[in-house]
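Have a look at the structure below, then the notes.
In what follows, chains are A, B, ... by sequence order, proteins preceding strands, each numbered from 1.
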Amino acid sequence: MSQATTQTRYPTYASLDFPAFETYIRAFWERERIFEQSLERRAHAPAFTFYEGPPSANGQPGIHHVMARTIKDIFCRYQTLKGRLVHRKAGWDTHGLPVELQVEKSLGITKKDIGTTISIADYNAACRRDVLQFKDRWDELTRLMGYWLDLDHPYITFENDYIESVWHLLKRLWDKGLLYQGYTIQPYSPAAGTGLSSHELNLPGCYREVKDTSCTAQFERSDAPGEYFLAWTTTPWTLPANAALAVGASIDYALVDTYNPYTHRRIRVWLAQDRLPAYFSAEAADLDLPAYQAGDKRIPWRIVETKRGEELAGLRYAQLLPYVQPEGDAFRVIVGDFVTTDDGTGIVHIAPTFGADDLRVARQQGIPAITVPAPDGSPMPLVDRQGRFVEQVTDFAGRYVKNYTDDPDYQSVDVDICILLKKENKAFRVEKYEHNYPHCWRTDKPILYYPLDSWFIRTTAYRERMVELNRTIRWKPESTGTGRFGQWLENLVDWNLSRSRYWGVPLPVWMNEDRTESKCIGSVAELRAELERAVGLGLMPENPLQEGRDFDLHRPYVDEWILADSQGQPMRREPDLIDVWFDSGAMPFAQWHYPFENEDIFRRSFPADFIAEGVDQTRGWFFTLHAIAVLLEDSVAFRTVIANGLVLDKHGNKMSKRLGNAVDPFETIQTYGADPTRWYMIENAPPWENLKFNIDSIGEVQRKFFGTLFNTYAFFALYANIDDFVFDDQNTVPYASRPELDRWIVSKLHSLIEAVDGYYSDYDPTRAARAIQEFTIDQLSNWYVRLARRRFWKGEMTPDKQSAYETLYECLLVVAQLMSPIAPFFAEWLYKNLTDGLREAARPHDSALALPSVHLSDWTPVDQSVRDAELEARMELAQNICSLVRSLRKRTRLNIRQPLQRILIPLTAHITRQRLEAVADLIRSEVNIKAIETATGDEGMFVRQVKPNFRTLGPKMGAKMKAAAAAIAALDAAALRKLEAAGRYPLQVEGETYEITREDVEIRTEDVPGWATASEGSLTVALDTTLTDELRAEGLARELVNRIQNLRKDLGFEVTDRIAIEMGFRPEWQNALAQFGVYIQHETLAERLDTVEGLTSDQQIEIEGVTSPIQLHLVR
RNA sequence: GGGUGUGUAGCUCAGGUGGUUAGAGCGCAACACUGAUAAUGUUGAGGUCCCAGGUUCGAGUCCUGGCAUACCCA
C-alpha cells in the first residue's frame, strides 16, 4: 500500500510499494509543477550550467542510460539545493551512420541503391522519420526514473536552425584558416574506384589468405657507406614511395658484419637483436668472415655493435629508388610506437602515401610524402586511382601494382621490383609470404591503402592550447583526463571532418570547376544572398531560400544549389557531409541557435560547469566539445566531467541483446522502483568503475536501506500521532538541554551533512550514498531509535519526550534532503509525510516547512556549535562496550533479559572514567547490567600484555626495530607500571638506551582472573556472571513481560490498550511476581495482575520448562 | 601493437601519507533478540590481498616486469 491508511498528521502505511508511491509522487510533481518551481525559485540565483549530451533516439534506451542519467540528475538536484539555477535542456542526436544503417535494413536496401532505386530525398526522409521513432520511450524512461530535464524544448540536430549554427561555427573555422582540404589513408578499391568504410572492410570473407612477394630491403646510411638498415615489407610496390624508416624506441638493435647473399658483397646491416635468428643461422656465427667465397652455403656473420632504437633515431640514409624527389626532410630514421619485433627486422619501411600509421607518424615527425603533381596541380601519390604507377616511376610506368584487370599475362610488379633491388645490392632477402589481406567485397580484388581527399580541421594548430586548457578541467576519474584524454591530445592529428554519406549536416563549402575559388557559407541569410546573385547570373532558375518558402538544408536539395564565383562561373557544393561528432560538439552554441538568437543565454551558459557521459565518449563528445571551444572561444567547454564506466551483467560480461543478458530498464523500474535502482547503482561502486549489475542487489537495497528508513519513519509516525506531537521549528528544545543521546545523534547528523556536502561538491556520489546509508541504518535506526524508544512509549509529553520527538524528526527531515539528489521519490515521500500535516501552520512563519517539496528546499547549513567530537568518541566507546558485553553474554549463555550485577573495565589513556560515566546509563540499560566498575593497571588484578606501536617506534628505531620489539615484549609488570606512571621508560636495545613513551606501546588486558573477559583493541570488558536470587527473580520478571507483550501483540491489542492479566499459580514464579509485579504491570500496561488457582485458558506461556495458562482482558 | 582502468572472502565492495591480527554487507551454519523493523545482535566457517622480482627493520599499500580482464585507439 502506498496510500495512507488513516487521516493523521503523519500518515502511516501498512507496507512500502515503490512503483505505487513513485507514481503518486510523479503525479504530484507534474500537478504542482515542482521541477518548474525549482527553476523559478532560483530565477535570479547564480547559474550552474549543465549540458545534456544528446542521445540518439533510434534505439531503445538500456539500463546503462539509467546509470548515466542518474549521475547527471544527482548533481543538478544537489546544485539546486545549494541555491543555483540549473537549466537542463534535452537534446537529440539525429545524424550519422547508425541511422542510415537502420533505415537501409528496414527498407531492405544497400548504399549502392541510393540514387538508383531510391532517391536521396526519399532516403533522407526515411532517416528523418526513423531517427526519433523511440523518442517517446526515451521520454517515458526519463519520467519514470525521475530525471528532471526540459523535455518540451529539446534541441534536435537535424533542424535547420541547428544546422545553421553548425555552419556558422564552420565558417568561423574557415575564416581562421583552420578548415582545409587534405587527404588521409583509407581502404580503397582501384577496381571499383571507391573508398571502403571500415564497416565494409569487416564484412565476412573480406580478409583472405594470400601469398605475396615480400622483400627485406637494404637502406644505405648516408654518412657510413656500406652500412645498411634492413626493413621488411609485404608490399614491395610501395618502396618507391619510401620516405622514412621507423624503429622502436626501447628495442635493441644490432649492427651485423656479413655478406649480401645475392651480390656477395661485404656489408654491415642494422636490425633488431630479437630478429637475428630469423636472418642468420647460429652455425654461421663463428665462421671466418674474410674466408667467405661467393657461393658458400653458409654466410658468416658477427655482431659488431648494439644500440637502442632511440639512439638510431635521426640517422640518415640514401633514397632506395630515387624516381621522385620529395620536398622536405625525408630519409631519416624515426621512432614509431607501432614497431614490434614480432616479424620483419624491427625496422619498418614508411610510405606516407600508402599506410595510415605511416602517414600519421610522418606528419608527427615532419616527413614529407613522395608525390607527383596531378593534372590539376595538386599532389598525387606514385600510383594513380586505377592502381597504376605514374609515368615518373620510369621503370614501371603504367603497370598495375596488383592484377586489377584480370590480365592473364599479368607480370607481378612486386617481383620485378625485387629483381631490380637484388641487382643493385639493395635486397637482403626476397621470399614468398602468406598473410591475411583485405579484399574489396564488390570486385574480390585486394584493396590498397590509398590517400583520399577529405576536409580537415587543423586541430594540431591548437594542440598545445588544448592540452593546457585540459589541465584546468576536473576529470572524474582523474586518470581519464590525464591519461586517456590528455595523452591522446598530446598526439593529436588533424580532425578528419568528411563523411561520404547522405544523412547529415552538409559541408557548407562551394567550389568552382577548376577549384581556384571556394566559399564557405555561414548562415542562411548569406546563402540566400549568394543564391540571389546566382539567379541574377542565370545559374539558378529561382531562389529556393526566398522569404516565406520552406526549405531543407540537407542533401539532396543543398547539392542542387549553385553559386557563382567572382567571374560568374558556377560553384558547386563539395559533396561531403561533416562528421556527426561535430554536430554534438557544437551543442553549446547550436542548442540556442547562437549567434542568430539567444546570444545572452549562450554567454551566460558557456562553458558548462558540469557534464557526464560514458567513458566511451572520451574521444567522441568530450573531445569535440573541447576542440570546438578551444579553437573558437579559447576556453574549455566544461569545467567538470564525470566519465562513467560501463554497466555489465552480474558476471562482468558486456550486456547485449544477442546474448540475452541485457536488462530492461522499464521492467527493472516497474519491479523495484526507480529509487532503489538509482541508489543501488550509485552506492554499489563509484560511477567511473564498471558496474556489475546484479538485479538481486536492488532488492537488498530496498530492504536494508529504504526498509529501515521506512520503519524508522513508521515508528516515529506511530507514536507522534498518538501523542499529537507537532513539530514547531519556531520553538524547539535547545540542543544544550537535550539528553546525551539526542545531542549525540544531532552531532552525528551535522557531521553527516558536512561529509555529504563535501562528497557531492567533489562529485563523489558513492561516498555520499554510503555515508547516508551508514548513518540511517547503523546510527539512527540501530542505535538511536533502539536506545530511545522507551522514551516514546509512556506517559505524558515531557521535555525529555519532546526532545526525543524533535531530534528524531530533525534527523528524518535532514536525511530526506541529503538523499533527495539520489533518491528523489522516496525523499519527497518522506518529506511530505513529515511536513504535509504542518504546512498550514508553517506558512505564516514562511519557514522551510512551508515548502511543498524537498526539492525546493535550501541545503541545511552545518551547525558547528552542535558538533561534539568528544561526545561522538565516547558514544562509539559505549557501542563497543555493548558489543563486547553481548559477546560475553552469548558465550556464558546469559541472555540480555537476565540482569547481571556488574562489568569491570580497565582504564587506559583513551578509556577514561569520565568518558565511561557519561555513557554509563546507556550501557547499563542496553545490556541490562546494574553497575559499571573501573580499575587501573595498578591493582595488579589484570593479566596484561604489551605490544610495540610500530608506527611511532619506526622513525625512532629504524633498523633496530626487530630488537626493540623483542625488548618491549619482554617488559615485566613492574616495568609497565613504571612506564605508565612516569609516561616514559628507558629501553635497552643492543646496548643502547632509547627512551620510549606511553605512545610507543599498546598495553592490552589479556584476562581478568575469575571474570569472563573479552577484548577488542585496547578495550577490555570483564563480566561478573554471579547470579543472586534477586537477579534471578528480576530476570524471570522480564521473561514474563516478554511473554505477555508477545501475547498482547498476538491478540491484536493496540499499543495503548490497557489490560488485566490472570495467570495460573506457579510456585517457581511467586518470588518474581511478589517483587516485580508492579514493574510487570507497568511494562505491559496492566491495571491488574492476578494469580488464579486452577485457571484454564487457551493461552499458555512457558519459561524454562514451566508452563502456565494465562488470560488477558481488555480494560475499558 | 599503444593508452587507460581494474584484480582483496563464494558474491559486491572498503582499505589517506608503508606499521606487523586485512575489514563491511550479502550469502551459508548455529544461537539469540524484537510492542518500529521487511530488520537486528552474537558466534562460526570462508583470504597464497593476481603472479614474480626489488626497495625497506616492516609491503595489500611504493618500484620493475609479467598475467588476467575491460574500455578507447591502431
Measuring only the P atom in each nucleotide, how far is G23(B) from G46(B)? A whole number of Å is fine.
15 Å
When rounded to whole Å, the CD1 to C1' distance for the pair I968(A) and C57(B) reads 13 Å
Once you apply the 3.5 Å cut-off to both distances, tell me the Watson-Crick or G-U wobble partner of U4(B), or none.
A70(B)
Base paired to G10(B) (Watson-Crick or G-U; both N/O distances under 3.5 angstrom):
C26(B)
What distance, rounded to whole Å, do you find between the two P atoms, one in U8(B) and one in U12(B)?
8 Å
Whole-angstrom distance between C57(B) and G15(B), as gauged at atom C1':
24 Å
Going through the checks in order, is the side chain to side chain contact (heavy atoms under 4.5 Å, CB included) test met by D358(A) and Y449(A)?
CA-CA 11 Å; D358(A) 307 44; Y449(A) 287 95; over 6 Å; no
For atom P, what is the distance between U61(B) and G41(B), given to the nearest Å?
32 Å
Give none if A52(B) has no partner; otherwise give the nucleotide forming a Watson-Crick or G-U wobble pair with it, both distances under 3.5 Å.
U64(B)
Please state how far atom CD in Q898(A) lies from atom P in C33(B), giving the value in whole angstrom units.
12 Å
Option among Y10(A), Y805(A), F792(A) that satisfies the ring pair (Phe, Tyr, Trp, His ring centres under 6.0 Å) test with F715(A)
F792(A)
Quote, to the nearest angstrom, the P distance that separates G25(B) from A39(B).
15 Å
Is R1038(A) salt-bridged to E1083(A), cutoff N-O under 4.0 Å?
no
Integer-rounded Å distance: G27(B) C1' and I695(A) CD1:
18 Å
Could you label the plane-to-plane angle of the Y713(A) and Y13(A) rings as parallel, tilted or perpendicular, counting under 30° as parallel and over 60° as perpendicular?
tilted
Distances for protein N or O near nucleotides 36-40 of chain B N or O, under 3.5 Å:
unit_1 : atom_1 : unit_2  : atom_2 : d
A36(B) : OP1    : R789(A) : NH1    : 3.4
A36(B) : OP2    : W793(A) : NE1    : 3.1
A36(B) : N6     : S781(A) : O      : 3.2
A36(B) : N1     : S781(A) : OG     : 3.1
A36(B) : N3     : N711(A) : O      : 3.2
U37(B) : O2'    : N711(A) : ND2    : 3.0
U37(B) : O4     : R789(A) : NH1    : 3.4
A38(B) : N6     : A14(A)  : O      : 3.4
A38(B) : N6     : L16(A)  : N      : 3.4
A39(B) : OP1    : R703(A) : NE     : 3.2
U40(B) : OP1    : K704(A) : NZ     : 2.6

Decide if the gap between the ring center of W679(A) and the ring center of F826(A) is smaller than 6.0 angstrom.
no
Which atom pairs link the protein and nucleotides 71-74 of chain B when you take only N or O atoms and keep those under 3.5 Å?
unit_1 : atom_1 : unit_2  : atom_2 : d
C71(B) : O2'    : R484(A) : NH1    : 3.3
C71(B) : O2     : R484(A) : NH2    : 2.5
C72(B) : O4'    : R484(A) : NH1    : 2.9
C72(B) : O2'    : R619(A) : NE     : 3.2
C73(B) : O4'    : R619(A) : NH1    : 2.9
A74(B) : O2'    : D357(A) : OD1    : 3.2

Return the value, rounded to whole Å, for the distance between atom CE of M961(A) and atom C1' of A59(B).
16 Å
Picking from U34(B), G15(B), U6(B), which would you name as closest to the side chain of R767(A)?
G15(B)
Taking the P atom in each of U34(B) and G18(B), what is the distance between them to the nearest angstrom?
48 Å
Assign D696(A) to base, sugar-phosphate, or nothing according to its heavy-atom contacts below 4.0 angstrom with the strands shown.
nothing
Donor-acceptor contact below 3.5 Å, side chain R897(A) vs main chain N1042(A)
no
Return the pairing partner of C33(B) with a 3.5 Å limit on both distances, Watson-Crick or G-U wobble; otherwise return none.
none
To the nearest angstrom, the CZ-C1' distance between R893(A) and U43(B) comes to 11 Å
Charged N to carboxylate O under 4.0 angstrom, K476(A) versus D762(A)?
yes
Please identify which of these residues, W829(A), F706(A), F710(A), meets the ring pair (Phe, Tyr, Trp, His ring centres under 6.0 Å) condition with F18(A).
F706(A)
Tell me the interatomic distance from E774(A), atom CD, to C13(B), atom C1', rounded to whole angstroms.
15 Å
Map L648(A) and E689(A) onto RNA chain B by nearest heavy atom, then report which one ends up closer to the 5' terminus.
E689(A)
Result for 5'-nearest mapping on RNA chain B, choosing between I896(A) and S479(A), is S479(A)
Atom CD of E683(A) and atom C1' of A14(B) are separated, to the nearest Å, by 11 Å
May I ask you to verify if any side-chain N or O of S883(A) is less than 4.0 angstrom from the OP1 or OP2 atom of U42(B)?
yes
Please work out which of the three classes, parallel, tilted or perpendicular, describes the rings of F716(A) and Y809(A), given edges at 30° and 60°.
tilted
Every protein N/O within reach of nucleotides 9-12 of chain B N/O, cut-off under 3.5 Å:
unit_1 : atom_1 : unit_2  : atom_2 : d
U12(B) : OP1    : K692(A) : NZ     : 3.3
U12(B) : O2'    : N684(A) : OD1    : 2.2
U12(B) : O2'    : N684(A) : ND2    : 3.1

NA contact type, Q1045(A), heavy-atom cut-off 4.0 Å: base, sugar-phosphate, or nothing?
base
Rounded to whole angstrom, note down the P distance from G66(B) over to G2(B).
9 Å
What is the base-pairing partner of G46(B), counting Watson-Crick and G-U wobble geometry with both distances under 3.5 Å?
none
Base, sugar-phosphate or nothing for Q702(A)? Non-hydrogen atoms, less than 4.0 Å.
nothing
Mind checking if R897(A) touches a base, just sugar-phosphate, or nothing, with heavy atoms under 4.0 Å?
sugar-phosphate
Nearest-angstrom distance, C1' atom, U4(B) to U43(B):
45 Å
Under 4.0 Å between any heavy atoms, over every strand shown, what does R790(A) touch: base, sugar-phosphate, or nothing? Just pick one.
nothing
Expressed in angstrom and rounded to an integer, what is the separation of N895(A) atom CG from U34(B) atom C1'?
13 Å
Quick check against the 3.5 Å criterion: does R889(A) have a side-chain atom that pairs as donor or acceptor with the backbone of L894(A)?
yes
Heavy-atom side-chain proximity of D357(A) to I350(A) below 4.5 angstrom:
no
Hey, does the side chain of R770(A) reach the backbone of N684(A) with a donor-acceptor pair shorter than 3.5 angstrom?
yes
Do E926(A) side-chain atoms and Q879(A) backbone N/O form a donor-acceptor pair below 3.5 Å?
no
Are E774(A) and R767(A) within salt-bridge range, i.e. N to O under 4.0 Å?
no
